[in-house]
Amino acid sequence: MKGVLYFIGSVTVVIAAILLFNLSSSFQTEAEEDPSPVEENATVEERAQLILEALKEKGFEQVAEYVHSEKGVTFSPYAYVENDHQTFEQEKVENWKNDQSNYTWGTFDGSGEPIELTPNEYYEQFIYDKDFASAEEVHLDEAIQPRGNSLHNAKEFYPNASFIEFHVPGSEEYAGMDWGSLIMAFEEVDGALYLVAIIHDQWTI
């Protein structure tokens, strides 16, 4: 009888060990297949792509995590950045969807009238007005060149920043004038990249 009990106990231990091994292997496989979010040493391309995907889905809470904690993020409707353009801190970006206030974001090209829009209205017109997440062209730093009549002065505002541009070419239907670009500027803090500007660029008069 003791021999039988010993045999049963041994089998039970072996089965438990096999189940534990399989469970451990399963967790390891899932970890390999489902990598963690971009780490602190992410490249500009990796960080920007993560933010761009969040912007596409209007995931402002996620975008807020990467906004510079001290400088916030400045929004420029055109390539020429100005001192009076809106700068939002992390908390305001996080609350973007619920913010119904009208802000002055700059002036409209051509008319010179003030751009007075809610954050959601600004998003539709001057952030994600094209499918930038599927942009055909992506350029870094010095490869970003002026495309229209607007001067590019972001490097004067952010001399220590790294820039990336997502560019959607114009169509034949509109003689190429319906092109658009979304440019992000990042500054490094303790080895991590944080967003300091989102610059929209398009054909201007």
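Remember, it's a predicted structure, so these values are computed and weren't measured experimentally. Residue numbers run from 1 in the order of the sequence given. Both backbone and side-chain heavy atoms feed into the values below; hydrogens, waters and symmetry mates do not.
Around CD of Glu89, the count of heavy atoms belonging to other residues, nucleotides or ligands within 6.0 Å does not exceed 12.
With Arg47 contributing its side chain and Ala42 its backbone, the two residues share no donor-acceptor pair below 3.5 Å. Remark: the backbone N or O of Ala79 is not paired with any side-chain donor or acceptor of Ser76 at under 3.5 angstrom. Distance alone, capped at 3.5 Å, places no donor-acceptor pair between the Asp201 side chain and the Ser181 backbone.
Taking hydrophobic clusters as Ile, Leu, Val, Met, Phe, Trp and Tyr residues chained together by side-chain heavy-atom distances below 4.5 Å, Tyr80 does not share a cluster with Ile198. With hydrophobic clusters built from ILVMFWY side chains whose heavy atoms lie under 4.5 angstrom apart, Ile183 does not share a cluster with Phe132. Connection of Leu151 to Phe126 is not established within any shared hydrophobic cluster, with ILVMFWY side chains joined at heavy-atom distances below 4.5 Å, either directly or through further cluster members. Residues Val81 and Phe186 do not share a hydrophobic cluster, clusters being chains of Ile/Leu/Val/Met/Phe/Trp/Tyr side chains in contact below 4.5 Å. By the rule that hydrophobic residues join a cluster once side-chain heavy atoms approach within less than 4.5 Å of another member, Leu193 and Ile199 end up as members of separate clusters.
Taking each heavy atom of Thr104 and Pro114 in turn, the nearest pair found is CG2-CB, 4.2 Å. For the residue pair Ala48 and Met184, the shortest heavy atom distance occurs at O-CE, 3.7 Å.
Counting only N and O atoms by type, the side chains of Asp178 and Ser171 include a donor and acceptor under 3.5 Å apart. A donor-acceptor contact under 3.5 angstrom links the side chains of Ser101 and Asp99, judged on distance only.
The structure places CD of Gln202 at 11.5 Å from CG of Leu182, a figure rounded to the nearest 0.5 Å. To the nearest 0.5 angstrom, Asp141 atom CG is 5.0 Å from Ser162 atom OG. Taken from CD1 in Ile115 to OH in Tyr103, the straight-line distance is 16.0 Å, to the nearest 0.5 Å. With rounding to the nearest 0.5 angstrom, the CD atom of Glu116 is 11.5 Å from the OG1 atom of Thr107. Rounding to the nearest 0.5 Å gives a distance of 8.5 Å between CD1 of Ile144 and NE2 of His152. Annotation: the span from Lys97 atom NZ to Asn120 atom CG amounts to 8.5 Å, rounded to 0.5 Å.
Considering only residues two or more places apart in sequence or on other chains, His85 meets the ring pair (Phe, Tyr, Trp, His ring centres under 6.0 Å) condition with none of them. The side-chain contact (heavy atoms from CB on, under 4.5 Å) test applied to Gln125 returns Phe108, Leu117, not counting sequence neighbours.
Sorted by first and then second residue, the ring-ring contact (aromatic ring centres under 6.0 Å, His included) pairs with a member in residues 156-183 read His167-Trp179; sequence neighbours excluded. Within the structure, the salt bridge (Lys or Arg N to Asp or Glu O under 4.0 Å) test picks out the following pairs touching residues 143-169 (sequence neighbours left out): Glu137-Arg147, Glu142-Lys155, Arg147-Glu165. The salt bridge (Lys or Arg N to Asp or Glu O under 4.0 Å) pairs that include a residue from residues 71-81 are Lys71-Glu187, where partners are two or more places apart or lie in different chains.
Under the 4.5 Å side-chain criterion, counting only non-hydrogen atoms from C-beta, Glu136 is not in contact with Val168. Within the 4.5 Å cutoff, the side chain of Leu195 has no heavy atoms near those of the His68 side chain.
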(Q) Is there a side-chain contact (heavy atoms from CB on, under 4.5 Å) between Val196 and Thr74? Walk through the geometry before answering. (A) CA-CA 6 Å; Val196 292; Thr74 297; over 6 Å; no

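Under the 30°/60° scheme for interplanar angles, the aromatic rings of Phe88 and Trp105 are found to be tilted.
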Side-chain donor-acceptor pairs of residues 50-64 under 3.5 Å, sequence neighbours excluded:
{"unit_1": "Glu53", "atom_1": "OE2", "unit_2": "Gln49", "atom_2": "NE2", "d": "3.2"}
{"unit_1": "Lys58", "atom_1": "NZ", "unit_2": "Glu124", "atom_2": "OE2", "d": "3.0"}

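Ring centroid separation for the pair Tyr128 and Trp96 does not come in under the 6.0 Å cut-off.
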